[in-house]
Amino acid sequence: PILPPHLRPPPRYGRGILVAGVPIGDDVYVDTALGKVSTDTVSYISKTASQLQCDPHAAWTALYYSTQHRFDFWLRHIPPALAAPHAARVDAAVLRAAACLGYPGCLDDPLIRARIRLPARLHGLGLRSRATISPLAYAACFVEAAETFLDRTLPDGTFARGSFPSLDAIFGTTAFDPGSNRFSAFDPDNLPVDALPSADAFVAAWSYAHRTMALAPCTGPLDASFHQAGADRPAAIGLQRALTAQWEEAAALEVEEQYAALADTDPRREAWYAVDAFSAQWIATWPSWRDALTALEFGEIFTTYLGLESPASRPLAGCPIPAGGSARNGPRRVCDPHGHAIGLAKLVGAADTDCHNAIAARIFGDILKAGIPGSTEPAHLFAAVLPPPAARTGPARHYGAFDHDPRTNIIPDAAFRLALPPSPADP
């Protein structure tokens, strides 16, 4: 609503300028400029999710690779105290966009939120919290920029000319030579009264991350205090990536402890420990004409990976499953929100058989085409011990070009001959 003039808050005025898109000035100016950036970013994330709501696979790809990163540039150049509140708005928008891929409220659980913040390699979804990593981004950018200011000797002995050698009065002439003191001049006990705000922000950001990692069983650049920030980082990767990797490794250990404390039958715990090398492959996939997932498929994959309720089954929770039980198979099953019961039930018709045969046709067909010797439904393995009627009762299974005579369920689906690698104990 539009307030009358006498009820409107007084306008906020600040002084500053934009340098390469980065607001530099007093706190009011920087906060106002970042407010516009974060508002535009939140709007862009929401609009993208809305326009792609009919294609969740494309919506996820846009969120994972593009829209969640739109605020990253400012995290590296603005002190965390000013950037984090706006980054939190972006985090909330990312969560809302991700929740649209499942069902309303699916990401309200704090444990699930902690998991999705982890990278895919650590059982997460790679939706990092920008507010959380803002100290890492700012500290890394500060170190990488400061190292280029002064003339310095590189680890291989070569000389590199600095971009602002006159800053040696602040850092020290040989601050960034191998084995030097680097940022020791920024010690709070040694800083002058009129110390640079950027130096204060760097010390605060690095010290916060260093203290947080002090008790974590992980090693990395954050093991060092700010005095030696970035001194022993891996040469093959950027400093921010190295800091984030150490931070996320510690976070993953904390999350795993929480999952381990859950009941053995908790679907969230089952989903966490069921992750293997292939479980997270969908996270980084691009939708294509051959591999795109439908809306129904993606919703089930998204929620199953996290141990959440099934979007298709949760509205039917408590409903009896037709033909879900019999006198021989036990009482009729009732649908549960996660879809476990319907996945175990023997449904009416040949849906289970058709699904089984389609999967078998693809897997066994690819194996045979690869030149691996074998056959499908190898009834000959039991021909010497089973009478002919026993080996020929039961429904036929159709494998396209790999059809064999009908066999009962006691006949295995396939048999292949593979040469196993030698055991390490073999001579």
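Because the structure is a prediction, the values reported are computed rather than measured. In what follows, every heavy atom counts, from backbone to side chain, and hydrogens, waters and symmetry copies are set aside.
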In plain terms, say whether R76 and E144 are close enough for a salt bridge, that is, a side-chain N and a carboxylate O under 4.0 Å apart.
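A salt bridge links R76 with E144.
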Electrostatic pair E248:R121 at N-O distance under 4.0 angstrom:
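The answer is yes: the pair qualifies as a salt bridge.
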Are side-chain heavy atoms of [X] and [Y] found at a separation under 4.5 Å?
X	Y	value
L316	R314	no
W206	L136	no
I359	C355	yes

Please give me the minimum heavy-atom distance between [X] and [Y], naming the atom from each residue.
X	Y	answer
P378	S375	CB-OG, 3.7 Å
R417	I372	O-CG2, 3.9 Å
A271	Y305	CB-O, 3.6 Å
F202	Y138	N-CE2, 3.7 Å
W74	V22	NE1-CA, 4.5 Å
D223	Q246	OD1-NE2, 3.0 Å

Rounded to the nearest 0.5 Å, what separates atom [atom1] in [X] from atom [atom2] in [Y]?
X	Y	atom1	atom2	answer
C100	W60	SG	CH2	13.0 Å
C218	E249	SG	CD	4.0 Å
L75	H69	CG	NE2	11.5 Å
Y29	I24	OH	CD1	9.0 Å

If we ignore angles and hydrogens, is there a donor and acceptor under 3.5 Å between the side chains of [X] and [Y]?
X	Y	answer
S38	R89	yes
S310	H340	no
H86	D31	yes
Q68	R130	yes
S43	D40	no
E309	T303	no

Hey, can you tell me if F183 and F176 have their rings parallel, tilted or perpendicular (30° and 60° cut-offs)?
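Ring orientation, 0 to 90° scale: perpendicular.
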Tell me whether the rings of F302 and W282 are parallel (<30°), tilted (30 to 60°) or perpendicular (>60°).
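The arrangement is perpendicular - the two ring planes meet at more than 60°.
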If we check side chain to side chain contact (heavy atoms under 4.5 Å, CB included) with P56, which of these qualifies: L63, L101, T61?
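Running side chain to side chain contact (heavy atoms under 4.5 Å, CB included) over L63, L101, T61 with P56 returns exactly one hit, L101.
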Would R182 count as a cation-pi partner of F226, with NZ or CZ less than 6.0 Å from the six-membered ring centre and within 45° of the ring normal?
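That pair does not qualify as a cation-pi contact.
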Between Y259 and W272, does the ring centroid distance fall short of 6.0 Å?
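Yes, they do, as the ring centres are separated by less than 6.0 Å.
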Which pairs would a plain distance check flag for residues 107-114, meaning a side-chain donor or acceptor within less than 3.5 Å of a matching protein atom at least two apart in sequence or in another chain?
{"unit_1": "D109", "atom_1": "OD1", "unit_2": "L111", "atom_2": "N", "d": "3.0"}
{"unit_1": "D109", "atom_1": "OD2", "unit_2": "R268", "atom_2": "NH1", "d": "2.5"}
{"unit_1": "R113", "atom_1": "NE", "unit_2": "L107", "atom_2": "O", "d": "2.7"}

Using side chain to side chain contact (heavy atoms under 4.5 Å, CB included), reason through D55 and F298 one step at a time and then give a plain yes or no.
CA-CA 9 Å; D55 190 348; F298 190 90; over 6 Å; no
What's the verdict on side chain to side chain contact (heavy atoms under 4.5 Å, CB included) for L118 and R128, showing C-alpha distance, side-chain angles and the deciding distance?
CA-CA 7 Å; L118 299 176; R128 293 182 172 93; over 6 Å; no
